[in-house]
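All remarks here apply to the structure that follows.
Chain identifiers are assigned alphabetically (A, B, ...) following the order of the sequence lines, protein sequences preceding nucleic acid strands; residue numbering begins at 1 within each chain. Quantities reported herein were computed from a predicted structural model and do not represent experimental measurements.
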Amino acid sequence: MRTENISKLSDKQLAAFLKKNSLSLTVQEARSIVKKLSRDPTMTELHIFNIQWSEHSSYKSSRPILKMLPTEASNVILGPKEDSGIVFLTEHRGERYGIVMSHESHNHPSQVVPFEGAATGIGGIMRDVLCMGADIIATADPLRFGNTFGENKNRTRYVANEVVNGIAGYGNPVGIPVLAGDLYFDDSFDDNCLVNVVCLGLVKEKDIIHSYAPENAVGYDVIVVGKATDNSGFGGASFASLTLDEQAKESNRGAVQVPDPFLKNMLLRATAQVFKEVRKDNIPVGFKDMGAGGIMCATSELGSAAGFGIELIIDDIHTAFEMDPWVTACSETQERFTWVVPPSFTSKLLRIYNEDFALPEIAEKAQAKVIGKITRNPDYRLWYKDELVCDAPIMEVTSGVTYRRKAKAPKRTFKESKLRDIDLDKAFLSMLSHPNICSRHHIYEHYDTSVIGRTVFPPGKADAGLLAPLPGSKVGVALSTDAVPRYGKIDPYWAGINAVAEAMRNVACIGAKPVAMTDCLNFGNPEKPQYFWEFVQAVKGISHAARKIGKPFSKEPIPFISGNVSFYNESSKGSSVAPSPVIACLGIMDDYKKAITPGLKKEGSGLILIGKRNNELGGSVFYHLHGELGKNVPKPVLKEERGKMEFVIEAIDKGLLLSCHDISDGGLACCLAEMAIMGGLGVDVSLPNGELASLLFSESPGYVIEVDSKKMMAVKRMLQERGLWHHNLGKTCRDDFMIKGLRNQPVANLKEAWQNSLKEAMS
Amino acid sequence: MKVEMAVGLKIPDTTARTALQTMRKLGHKVEALKRYDYYMFDVDGSKKGFKQAVSDVDVLVNANKNFVRFLDEKRLRKGETGIIVQDDAEPEALLHTLRERLGLDMIKHLEKGTLWVMDSKGVKIKNLIYELLANPHYQQVKILRE
Amino acid sequence: MKVAVIQFPGTNCERETAYALRKCRLPADIIRWNKNEGLEKYDGYVLPGGWSYEDRIRAGIIAARDPIMQVIKEQAALGKPVLGICNGCQMLVENGLVPGWKKEVQLGVAPNINQAMPGFYCRWVLVRVNSRKTAFTSQLRKMIIPMPIAHAEGRFVSKEKGLFERLGKQLVFQYCNRVGEIDETVNGSALGAAGICNPEGNVLAMMPHPERATFGFQLGRPGLLPASKIFVSMRKYIEGRG
């Protein structure tokens, strides 16, 4: 073995050596490798540890903190241990079904090459779901961009448009509908957008395929399927763990991953055929997608998670061109998977990919190929040109490192804004056209939202997307994503609480029961104590909310079944993005036909407000409009959140509500406006006593429900029985939008402000 | 004054690669196919100044994945043929963005299309165009020889 | 009685198209482009939506030139029903099966023209049914039916002057509003054309997706949606041929 004599180098020399070879390992980390191997490492081994110990791959800063999250509940089939989580969906015709859910970020690549970054983000999350043996059924895109009216507006508009084009440019040809998503604009994202992606899949519980080798797999073939490996994305895992340096932008190009939705489309279909064969003959297999760290990461985990070793011949990996062995082993070329199968199945698998679905004709040199074997000895061994270039205990390769970072609360004060003499009518219309409130149809009409033909509520129709995923079954699957960036700027703990509460509320609004969550935690540099503090606080918040709101109608917390952490979201100037704990909430309905939308349905029906409007304008759009941040963020009382949520879900199930909408961005006024615009009906309402701006625009959690006069008594009784604070707002009417305290105007005016503003903000 | 710009990919061009495969499969013996986004700008003012400005516009050219060639500077090689395929409809949204948002108001007129460059020895170009490259009902074709 | 749903590399609507057909009691097999022995034995053909061959060069052109199309053309000439949906519509236009007056291609399906929403556009539209004398519209009772579109190239266009006016009843579907007035703003299609058939009425090329507008739940309504009758008509047509 040819090793690098780093043990003979001084610290200074070692630091220079690491830099020269583009290794972002610290000197201490490099020396610890020598200790672990009891010898100097090869260049390949150095690159392997470089990636495996990067923040992106190892979660070295976050793993100890993430232990706070509740991950267990009776409906969890698979928690956050493999590529995706799985929750129980329903039993249908004697089969138990699960929903597979995964959630990731692709922030840094999307800032550098927005189209490819967003596209490969979608591609990657689809693979995470597919490799559990599932049928991919939907995606969601929580997005955060910079200020498109500020000094960086050209750049931020370019990034925003290309990200949307990238998501559409990938998801549409592959043929997976976008079901949900959310969108925020804020200065703090000017240099570092947030592109998070969520993916759902459907699988029979008995058909779940795991991301590790099965039992007795010694001698099984390790097969790589998909695109020919090239150097794209090489170093991407370490790339995501660095801040974006303006000058380094050009050299980051080598790290760009190239999306190929056409190949992915064929891979999905070919893989579905392989699944069929595996299930037909009950073949024990392991299947894993390749993301950060490429072949090395996937194969080492396939082996180590099952207690085996791996031996690969790098020369056998199909490549676009000749590369150094560590590049071939670690590059992040897209559209690839790894199978572990008994040798008796290998030729059938190869035939399905290479002949039946003609991969080599779809993309140059794309194929399925055997590259190695599972071994009994738990070692990770890589051969190249008959030379052993890696020989490490497999557990060392996969166990990563953990750091205890310092968290220190920054010294800063926030003040409630003293806004005087605000023309509330003018503010109201400006808020409806504010980029963080206005209609998002400009974006989601670029996405295919009806492909596969199982969509009940596409994005924009209601507070959550809704699918009827299982032909012949009434079960519905709902999805919503949320996290308000400006709350995060003030108080990351409460930002976390609100993100969980709002995501759950949105699911409840259509009548679905929140059953599971995933999280994507987007924060700044964890090596800086004040940003690590923000991360810890947000995790505390989301954990607390998940436990104290809990899974409705149960005594359990709502479990986190999968998630992702993205650090180093800041610019070279050192300012972190708004702390963003993005939450995706999955909901289930027994009968999707009972789901309701926010659009007002009937003239003369009653409108009820549930949830007091408190003086909680901190982080609100109202303040944002006036250039203020504020201090008093919404502070949901978690037990009450649960009570309100259960009421809404039950009332919808009983058919008592005509419409329902949650109160969030823009407060009660914007909530009512959206209901009016979407339903084409007006309102005639009066508010409870209090300060007008607060009543109209405070973002305290709540709901507005529309109730037919015939059902009013039953609804009132339900509310009283549960001790839920509520207020009779008034009634729906024909065309006019009338809130006492604001000027009356036709709903058409509101629609004009709300409908096309996003296009203006983005073109 | 006309400025013709071709924007190519530094990263692998999956469309060009697979288009070449298809052309060959259909019996056209094309070699070395390259694909560019083609822009024809009709501008007032300094050509050099405009070229500099337009190469920096990220909606057209992303330095991380694109390179730029101006057709008046870069000639075709011997044996190469260029085929420009343009849609009839004008790229109004793009023109608006370039003029209004990005301040390139010296652009009076914009055309955009795809430029295919290939080694065309033995290739029946007219047939290739008719069978594959353009639908005459909404696309026009310009042939460039070296 | 059985129809073939043809799957090219890049097709992505084949499963739900076959499902909708089967639910309308018309058995369907998904046939891969490279495994099509016995294709001529089927009673009808559906070219579903998607991005066949990645829309290389332009949408539908490569599939239109695939050898499998020869079989489709021959079977169409025998009177069997051929339905092209979205990408399938583009294929039928690019190989001249529609409008089917001459061997040459007389139409194009060009990039959408829609100032408010340039590029790929996905939303529900209303479509006016102009003829019940086709293999796919005989059972349609309603004159205006909802279906979603999801395409970036859906604008029917031709260099031949007056071609669209000469189509007559071959202009089977036109985008319209709730009272049936033609809407040319959806994607700029000439005369708001959304679906065109051949003179015999057995080949229909349409841009909207009937398989996404078959079941009530797809639009939040009970029962079945009017577009389901497109598949029912196809079945009845095949039954009628005996």
Side-chain angles (χ1 to χ4, degrees), chain B residues 9 12-28 30 33-38 59 83-98 100-101 110-118 125-141, chain C residues 8-10 33-34 51-67 69 90-96 98-99 102-121 152-161 163-164 187-190 193 196:
Chain B
L9 278 174
D13 186 346
T14 53
T15 305
R17 212 183 269 158
T18 46
L20 177 59
Q21 260 184 338
T22 315
M23 290 175 182
R24 291 223 186 102
K25 222 164 101 172
L26 289 163
H28 300 277
V30 170
L33 180 71
K34 287 179 284 230
R35 186 185 64 99
Y36 303 87
D37 290 328
Y38 167 86
V59 294
I83 302 172
I84 299 172
V85 179
Q86 277 173 235
D87 290 349
D88 282 350
E90 307 224 334
E92 282 185 35
L94 179 59
L95 181 59
H96 178 89
T97 300
L98 292 171
E100 308 304 324
R101 180 159 67 78
L110 170 67
E111 288 173 18
K112 105 177 186 59
T114 303
L115 167 61
W116 302 94
V117 175
M118 60 192 77
I125 296 290
K126 287 259 163 67
N127 284 2
L128 181 64
I129 293 172
Y130 176 71
E131 267 177 40
L132 270 185
L133 286 184
N135 181 314
H137 295 282
Y138 69 95
Q139 292 177 315
Q140 335 160 27
V141 172
Chain C
F8 290 98
W33 80 105
N34 60 356
W51 305 62
S52 60
Y53 297 98
E54 202 182 18
D55 280 9
R56 274 179 279 177
I57 300 174
R58 64 183 179 282
I61 183 65
I62 306 299
R65 300 280 173 266
D66 192 288
M69 280 303 178
Q90 293 158 340
M91 293 174 206
L92 292 176
V93 163
E94 290 288 355
N95 71 16
V98 155
K102 295 195 234 179
K103 253 180 74 186
E104 289 78 35
V105 171
Q106 295 181 271
L107 285 173
V109 192
N112 296 347
I113 291 182
N114 182 325
Q115 294 308 340
M117 189 61 62
F120 187 91
Y121 191 19
E153 291 90 18
R155 174 170 57 104
F156 280 105
V157 69
S158 178
K159 271 270 173 341
E160 291 185 31
K161 282 200 172 15
L163 179 140
F164 287 92
N187 58 17
S189 204
I196 297 175

note = Bottom line for B/Leu132: the part with an atom under 4.5 Å from chain C's heavy atoms is both

remark   = Most contact-rich option vs chain B, by heavy-atom pairs under 4.5 angstrom, among C/Gly188, C/Ser158, C/Ala64, is C/Ser158

request  = To the nearest 0.5 angstrom, please state how far the CD atom of C/Gln115 sits from the CE atom of C/Met117.
outcome  = 12.0 Å

Non-hydrogen side-chain atoms of C/Ile62 and C/Phe8 separated by less than 4.5 Å = no

inquiry  = Does this structure show an ion pair linking B/Asp87 with C/Arg58, if we count only N-O contacts that are shorter than 4.0 Å?
reply    = no

ask   = Top residue by heavy-atom pair count (under 4.5 Å) with chain B, among C/Val105, C/Val157, C/Leu107?
value = C/Leu107

inquiry  = Tell me the closest heavy-atom pair linking C/Pro111 and C/Arg155, and the distance in Å.
reply    = O-NE, 2.8 Å

inquiry  = I'd like to verify something: which residue of B/Ala134, B/Pro136, B/Ala19 has the highest number of heavy-atom pairs under 4.5 Å with chain C?
reply    = B/Ala134

inquiry  = Rounded to the nearest 0.5 Å, what separates atom OG1 in B/Thr15 from atom CG in B/Leu9?
reply    = 8.0 Å

ask   = Which region of C/Arg65, side chain (C-beta onward) or backbone (N, CA, C, O), has a non-hydrogen atom less than 4.5 Å from a non-hydrogen atom of chain B, or is it both or neither?
value = both

